[in-house]
Amino acid sequence: MVKVSHDEKILVVGAGAFGLSTALALRQRGFTNITIIDRYYPPVRDGSSNDISRMIRSDYNDPFYARLAKEAIALWKSDIYSPHFHQSGFLLTSEVANDPHLEKTKDVLRSQSQTFREFSSTEEIRRTIPGLKDLQDPLNGYFNPSSGWADAAGANKAVADRLSDLGVSFITGPRGTMHSLIIDSKSQVTGVNVVSGDPLRASKVILATGAWTNRYLDLEYTIVGSAQPVGFIQLTPDEAQRLADNPVAINMTSAVFFFPPSPDNILKVAYHGHGFEVEDSSDGKQGRTVSAPQRDSDNAASSYLPDDADKYLRAGLRKFVPSVAERPWTRGRLCWYTETPTGDFIADYHQSVAGLFIATGGSGHGFKFLPVLGQYIADCFEGTASAEVQRKWQLPSPTRTKQKIVVNDGSRRGPPRRMLDGLQQAKL
Ligand SMILES: Cc1cc2nc3c(=O)[nH]c(=O)nc-3n(C[C@H](O)[C@H](O)[C@H](O)COP(=O)(O)OP(=O)(O)OC[C@H]3O[C@@H](n4cnc5c(N)ncnc54)[C@H](O)[C@@H]3O)c2cc1C
Ligand SMILES: *[C@@H]1O[C@H](CO)[C@@H](O)[C@H](O)[C@H]1NC(C)=O
Ligand SMILES: *[C@@H]1O[C@H](CO)[C@@H](O)[C@H](O)[C@H]1NC(C)=O
């Protein structure tokens, strides 16, 4: 078991959901010397944890995450989180009768005594949810009233502000941008080199760099960054009013999902698919190419959506809310998932670098756990996690051969992951 004393200098790299929640849990446990660095101050403008909305659902076919999400949702209603949580409910639909994914998810909910309402026809959904009165196609599904969504940007900022209040330091900009890990001759991490200024020293480094991680540490055998398209449409106040009472809704056959309008009347649509890869061979990775967002520029600045993604999102929108489906995007975004083969997170020490702890692998579903995630990660960090958590979130041993990582958690739909071509990558 790793013994970590409360006055050790701990450097958290990455101020997304993983880094922030871990830092908060450690601070609350009495760790006194924590510094967080990031490229930008949270909410990090192009971080995966930052958006106008993230789904907060306990609907999982894996009882482990369903339980964790139930715990998280209880906390979303309290403290610094509650102003950012909207309990709109979540509508899961499918074209397939007795869709195995939905059946399994319902079983898990039942086993946790969670209540939900089943729908056997589209007509019934249209009648019950006025904002979906134009819903197309034969669908069945269920509605979970306890799920909803959160303003991710607001929640990140709230956690960062709480950390500042508790005396945790933030360093951002070039001085807070890690260039590389510093590993001494005894394979012990001693800090990080940053893009500007002297190295930052620490006896423990928590690498919570999300989709960027493979840039700094070769974990390509078990994580890969995938860019996921998101579209935003500005609604008029009247249009927004008509959709205001909508739940978050997903078509599990296509994995297209959309949110009720945000407070400034923006409709957001995305799909839980396999996304896109890029091939980047820039700076100091010893000839490796990685699929990761750029380090030195704002990955959210471009509004570019690949044509196929654009079409897929539109097609989804036409079926759900045809009245606004032809409106041009106000903005598009490719947001990065950090994929693992099973969809399980990683919260574990590196096998061969002492003092280096990895906290990532959100696999497109990590944000909802913000209020509890750090507690579980801190348990892994302190060596006190349950056997189940340790097993689920362990860093697998390296494999010699590079394999394509295909997420296999049963929740993804749509076309297989593909590489963006050179022209497309130039638009990012
Ligand atoms: C389109 C999309 C939709 C999603 N929908 C949902 C949802 O509905 N519900 C849900 O629960 N989850 C959802 N997720 C997943 C969830 O957002 C992620 O699992 C979670 O936010 C990942 O957090 P993170 O801290 O690992 O990554 P990030 O938030 O990306 O944090 C990593 C940080 O590391 C920093 N960093 C990188 N390199 C360096 C460096 N060299 N030096 C310093 N800092 C560095 C980055 O700037 C970044 O801030 C979605 C994700 C996406 C992309
Ligand atoms: C944190 O640790 C560093 C390195 O050991 C030390 O120089 C510094 O004074 C410590 N800061 C606090 C607030 O304890
Ligand atoms: C659901 O997705 C399937 C598969 O893409 C599609 O054929 C169907 O039209 C979609 N229905 C709705 C309501 O989104």
Side-chain angles (χ1 to χ4, degrees), residues 7-10 12-22 32-40 42-51 53-57 69 72 93-96 122 125 132 135-139 149-150 152 156 167 169 171-172 174 176-180 192 194-195 201-203 207-213 215-216 225-230 248-257 259 268 270-272 275 292-296 299 312 315-320 333-338 345-346 359-370 373 413-414:
D7 56 3
E8 266 192 60
K9 167 104 195 177
I10 296 167
V12 178
V13 186
F18 279 72
L20 291 174
S21 64
T22 303
T32 53
N33 201 337
I34 305 171
T35 299
I36 303 178
I37 67 171
D38 203 305
R39 300 153 54 245
Y40 302 105
V44 173
R45 59 184 73 166
D46 59 354
S48 302
S49 304
N50 182 11
D51 205 336
S53 51
R54 285 281 179 263
M55 217 190 277
I56 309 295
R57 53 156 172 125
T93 65
S94 173
E95 283 206 310
V96 183
T122 307
I125 300 174
L132 295 181
L135 187 64
Q136 314 278 300
D137 298 339
L139 291 169
W149 61 280
N156 277 309
S169 314
I171 307 175
T172 56
T177 301
M178 177 176 74
H179 173 267
S180 51
V192 306
V194 283
V195 167
R201 298 289 170 184
S203 57
L207 198 60
T209 41
W212 285 261
T213 304
R215 287 189 173 278
Y216 320 114
S226 75
Q228 304 280 342
V230 188
V248 182
I250 191 166
N251 173 355
M252 271 312 303
T253 313
S254 61
V256 173
F257 60 94
F259 293 84
K268 175 178 143 185
Y271 62 95
H272 196 45
Q294 294 160 54
R295 188 195 70 189
D296 294 331
N299 296 273
Y312 199 87
L317 219 42
R318 276 183 201 117
K319 301 286 182 175
F320 269 108
R333 180 177 170 196
L334 288 174
C335 173
W336 288 77
Y337 282 7
T338 312
F345 307 153
I346 295 172
T360 186
S363 301
H365 70 105
F367 188 78
K368 67 183 63 66
F369 303 107
L370 182 72
L373 183 61
R413 297 292 182 276

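As the structure lists them, so they are numbered: ligands from 1, and atoms in each ligand from 1.
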Review point. Of all the non-hydrogen atoms in the protein, which one sits nearest to atom 6 (C) of ligand 1, and at what distance?
Key: Arg54 CD, 3.2 Å
Review point. Among protein heavy atoms, which lies nearest atom 20 (C) of ligand 1, and at what distance?
Key: Ser49 OG, 3.8 Å
Point to revise | Pair Lys9-Thr35, side chain to side chain donor-acceptor pair (under 3.5 Å): steps then yes or no | key: CA-CA 8 Å; Lys9 167 104 195 177; Thr35 299; 3.2 Å; yes
Point to revise | Region of Asp38 engaging ligand 1 - heavy atom pairs below 4.0 Å | key: both
Check your understanding: Of all the non-hydrogen atoms in the protein, which one sits nearest to atom 7 (O) of ligand 3, and at what distance?
Key -> Glu95 OE1, 3.5 Å
Check your understanding: How far is atom 14 (N) of ligand 1 from its nearest protein heavy atom, and which residue and atom name does that atom have?
Key -> Gly364 O, 3.4 Å
Check your understanding: Which part of Trp149 is near ligand 1, with near meaning a heavy atom under 4.0 Å away: side chain, backbone, both or neither?
Key -> neither
Check your understanding: Short N/O distance, under 3.5 Å, between Phe259 and ligand 1?
Key -> no
Exercise for review: Around atom 7 (C) of ligand 1, find the nearest protein heavy atom and jot down its residue, atom name and distance.
Suggested key: Met55 N, 3.4 Å
Point to revise | Identity and distance of the protein heavy atom lying nearest atom 9 (O) of ligand 3 | key: Asp137 OD2, 2.3 Å
Revision key, fill the gap. When distances are taken from atom 38 (N) of ligand 1, the protein heavy atom at minimum range is Tyr216 OH, 2.7 Å
Check your understanding: Which residue supplies the protein heavy atom nearest to atom 5 (O) of ligand 2, what is that atom called, and how far is it?
Key -> Lys9 CB, 4.5 Å
**Study point:** For Gly14, atoms of ligand 1 separated by under 4.0 Å from a heavy atom
**Key:** 33 (C), 34 (O), 35 (C)
Review point. Does Asn251 reach ligand 3 with a nitrogen or oxygen that is under 3.5 Å from one of the ligand's nitrogen or oxygen atoms?
Key: yes
Review point. Are Ser203 and Glu8 close enough, and set up right, to give a side chain to side chain contact (heavy atoms under 4.5 Å, CB included), and what steps lead you there?
Key: CA-CA 7 Å; Ser203 57; Glu8 266 192 60; 2.8 Å; yes
Practice item. State whether the shortest distance between N or O atoms of Val13 and N or O atoms of ligand 1 falls below 3.5 angstrom. Key: no
Review point. Is the closest N or O pair between Phe18 and ligand 1 shorter than 3.5 Å?
Key: yes
**Study point:** Test: Arg39 and Asp296 ion pair at under 4.0 Å
**Key:** no
Revision key, fill the gap. Taking only non-hydrogen atoms of Gln136 and a 4.0 Å limit, the atoms of ligand 3 in range are 13 (C)
**Study point:** Step-by-step side chain to side chain contact (heavy atoms under 4.5 Å, CB included) determination, Met178 to Tyr216
**Key:** CA-CA 9 Å; Met178 177 176 74; Tyr216 320 114; 3.3 Å; yes
**Study point:** Close side-chain approach of Arg295 to Val195, heavy-atom, < 4.5 Å
**Key:** yes
Review point. Going by heavy atoms in the side chains, are Asn156 and Phe367 under 4.5 Å from each other?
Key: yes
Point to revise | N or O contact, Thr360 vs ligand 1, cut-off under 3.5 Å | key: no
Review point. Do ligand 1 and Val230 have nitrogen or oxygen atoms that lie under 3.5 Å from each other?
Key: no
Review point. Looking only at heavy atoms, is any part of Arg413 under 4.0 Å from ligand 3, and if so is it the side chain, the backbone, or both, or is it neither?
Key: neither
Check your understanding: Hey, does Ala270 sit under 4.0 Å from ligand 1 if you only count heavy atoms?
Key -> no
Exercise for review: Give yes or no for whether the N/O distance cutoff of 3.5 Å, strictly under, is met between Thr253 and ligand 3.
Suggested key: no
Check your understanding: With only distance considered, is Met178 within less than 3.5 Å of ligand 1 through an N or O on each side?
Key -> yes
Review point. Closest non-hydrogen protein atom to atom 30 (O) of ligand 1, residue and atom name please, with distance?
Key: Ser48 N, 2.9 Å
Exercise for review: Kindly confirm or rule out an N or O of Asn33 lying under 3.5 angstrom from an N or O of ligand 2.
Suggested key: yes
**Study point:** Interfacing atoms of ligand 3 (cut-off 4.0 Å, heavy-atom, Leu139)
**Key:** 13 (C)
**Study point:** Backbone or side-chain N or O of Thr177 under 3.5 Å from ligand 1 N or O
**Key:** no
Review point. Should Asp38 and Ile171 count as side-chain neighbours, where that means a heavy-atom distance under 4.5 Å?
Key: no
**Study point:** Derivation of the ring pair (Phe, Tyr, Trp, His ring centres under 6.0 Å) call for Phe257 and Tyr271
**Key:** CA-CA 6 Å; Phe257 60 94; Tyr271 62 95; 8.6 Å; no
Exercise for review: Could you tell me which atoms of ligand 3, counted from 1 in the order shown, lie closer than 4.0 angstrom to a heavy atom of Phe320?
Suggested key: 14 (O)
Practice item. Could you tell me whether the side chain of Phe345 reaches within less than 4.5 Å of the side chain of His365, counting heavy atoms only? Key: yes
Revision key, fill the gap. Per-atom filter on ligand 1: closer than 4.0 angstrom to a heavy atom of Thr209 are 32 (C), 34 (O), 36 (N), 37 (C), 38 (N), 39 (C), 45 (C)
Check your understanding: Which of the atoms in ligand 1, numbered in the order shown and given with their element, are less than 4.0 Å from a heavy-atom of Val44?
Key -> 47 (O), 49 (O)
Exercise for review: Give yes if a backbone or side-chain nitrogen or oxygen of Gln228 is under 3.5 Å from a nitrogen or oxygen of ligand 1, and no if not.
Suggested key: no
Point to revise | Asp46, any N or O under 3.5 Å of ligand 1 N or O | key: no
Revision key, fill the gap. Short version for Ala208: what comes under 4.0 Å of ligand 1, heavy atoms counted, is backbone
Practice item. Please determine if Phe367 has a nitrogen or oxygen closer than 3.5 Å to a nitrogen or oxygen of ligand 1. Key: yes
